[in-house]
Asks: 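Mind looking over this structure? Questions follow.
Note that ligands are numbered from 1 as they come in the structure, with each ligand's atoms numbered from 1 the same way.
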Amino acid sequence: MDRRGFLATGAAALAAPMAAAAAEAAPPLPAAVAPLKISSLVDLESQAAKVLGEGAYAYISSGSGAEWTIRENRRAFDRYELIPDYLSGRGAPDMRTTLMGIPLDLPVITAPMGGQGVAHATADVGMARGTYASGTLMTMSGAASRTIEEIAAATPGPKWYQLYMPTDAGEARDLLHRARAAGFKAIVFTIDALGPGNSEAVNRTGFNIGPAVARALTETGRPPAPARGETKRFLSWDDLTLVQKESGLPVILKGVLTPELAKRAVERGAAGIQVSNHGGRQTDGLPASLDALPPVAEAVHGRVPVIMDSGIRRGVDVFKALALGADVVAMGRPALYSLALGGELGVKSAYDRMKLEMTLTMTGMGVDRVDQIAAKHVRKLPA
Ligand code: FNR
């Protein structure tokens, strides 16, 4: 046995009793399928903490380093106040919109999230169904716990596929061809996950998402997932070209935080821009997504849709993001917590709550269509 082999075996021998203890301590995989009574999407985090294992909860909720970016994602919304349009004589709010030809019941979609297998027995399939039942779009994660084909078949609704670029170009081609063959309508190319995040909470619990998903699959009597290759850590514009060529589908660039990058992406044929800091899970210190949004929206200048995510928790957040230039927002953690708590029906409840809050906000603001939400409706508070 060579030195590497010896080290690996030695480490495994040490880790095995710890892993066994962790598995024993972990509660069973959440499997409830029921609607939720939700007073605020913010509450879902503490409720989900009660049904998830400590490690799975840390994996979902935490972010990188000191979690400054996570906190900024929320604080940024507090830096804006709303300016209402009273006596505008408008009728009942209609929050429907269209995103790249796809009709949506509300301007909120489900962000791509890996590791859903540790959140609920139905994993990405439950998320797809709950999202579809809410009249909106799900982006399947490139680190999903179910196959491209299974998730495609879960609902007749349109879906997007998020790509983590494999180091092996052949594997990238295969994934993109499969996504296209399975009927995915666009590719979301994530550019900000260059290696593992640096979550201190995950580190403390010793949680490892790969084996945890494998355990969850076993628990639900499913075959083990095929191994994925390495993800590329150094990306360039050539990678965007490869995704565009090989998929033959519209490509949305996810993780854009600067107007320069957005402008160049549009020039190179990106079909959409997703302003995101990955929910504060990658590089701590990145700006709040909401703060990055206005200059990006200005640079894009309506040529392609702008999607924004990271920190969306309330209907009023959606309103502020739209006023600052987003066409649609994507919801991350609250959707995953609702899946853990109630499966597909939980996800539907989360979207119902979002629709209610948006109705209240739009009514209160005197706005009856999402395309009327404009810069004049928000004002930045003095620093
Ligand atoms: C993510 N996110 C993510 N993004 C992506 O492009 N591919 C992925 O596989 C994942 N995986 C993932 C797992 C988990 C558990 C979370 C919480 C997030 C990031 C996600 O798409 C989105 O950018 C953020 O979640 C948005 O922030 P909020 O809404 O969670 O604050």
Asks: Going by the angle between their ring planes, with limits at 30° and 60°, are His377 and Phe319 parallel, tilted or perpendicular?
Replies: perpendicular
Asks: Using a 4.0 Å heavy-atom cut-off, which part of Gln162 comes near ligand 1: side chain, backbone, both, or neither?
Replies: side chain
Asks: Which residue supplies the protein heavy atom nearest to atom 22 (C) of ligand 1, what is that atom called, and how far is it?
Replies: Asp309 OD1, 3.6 Å
Asks: Hey, does Leu336 come in under 3.5 Å of ligand 1, counting only N/O atoms on both sides?
Replies: no
Asks: Answer yes when Arg173 and Glu246 have at least one side-chain N-carboxylate O distance shorter than 4.0 Å, and no when they do not.
Replies: yes
Asks: Taking Arg75 first and then Glu72, would you say they form a salt bridge - that is, a charged N and a carboxylate O separated by under 4.0 Å?
Replies: yes
Asks: What I want to know is whether Tyr59 and ligand 1 share at least one N or O pair that is separated by under 3.5 angstrom.
Replies: no
Asks: Geometry only, no angles: is Arg281 polar-contacting ligand 1 at N/O separations under 3.5 Å?
Replies: no
Asks: Measure the distance from atom 10 (C) of ligand 1 to every protein heavy atom, then report the residue, atom name and distance (to 0.1 Å) of the closest one.
Replies: Pro112 O, 3.3 Å
Asks: For Asp43, check side-chain contact (heavy atoms from CB on, under 4.5 Å) against everything at least two apart and list the hits.
Replies: Ser39, Ser40, Gln47
Asks: Atom 6 (O) of ligand 1: which protein heavy atom is closest, and how many Å away?
Replies: Thr190 OG1, 2.7 Å
Asks: For atom 8 (C) of ligand 1, grab the closest protein heavy atom and report residue, atom and distance to one decimal in Å.
Replies: Tyr164 OH, 2.9 Å
Asks: What protein heavy atom lies closest to atom 11 (N) of ligand 1? Include the residue and the distance to one decimal.
Replies: Gly114 N, 2.9 Å
Asks: Among all protein heavy atoms, pick the one closest to atom 9 (O) of ligand 1 and tell me residue, atom and distance.
Replies: Ser141 OG, 2.7 Å
Asks: Among protein heavy atoms, which sits nearest to atom 25 (O) of ligand 1, and what does the distance come to when rounded to 0.1 Å?
Replies: Gly332 CA, 3.7 Å
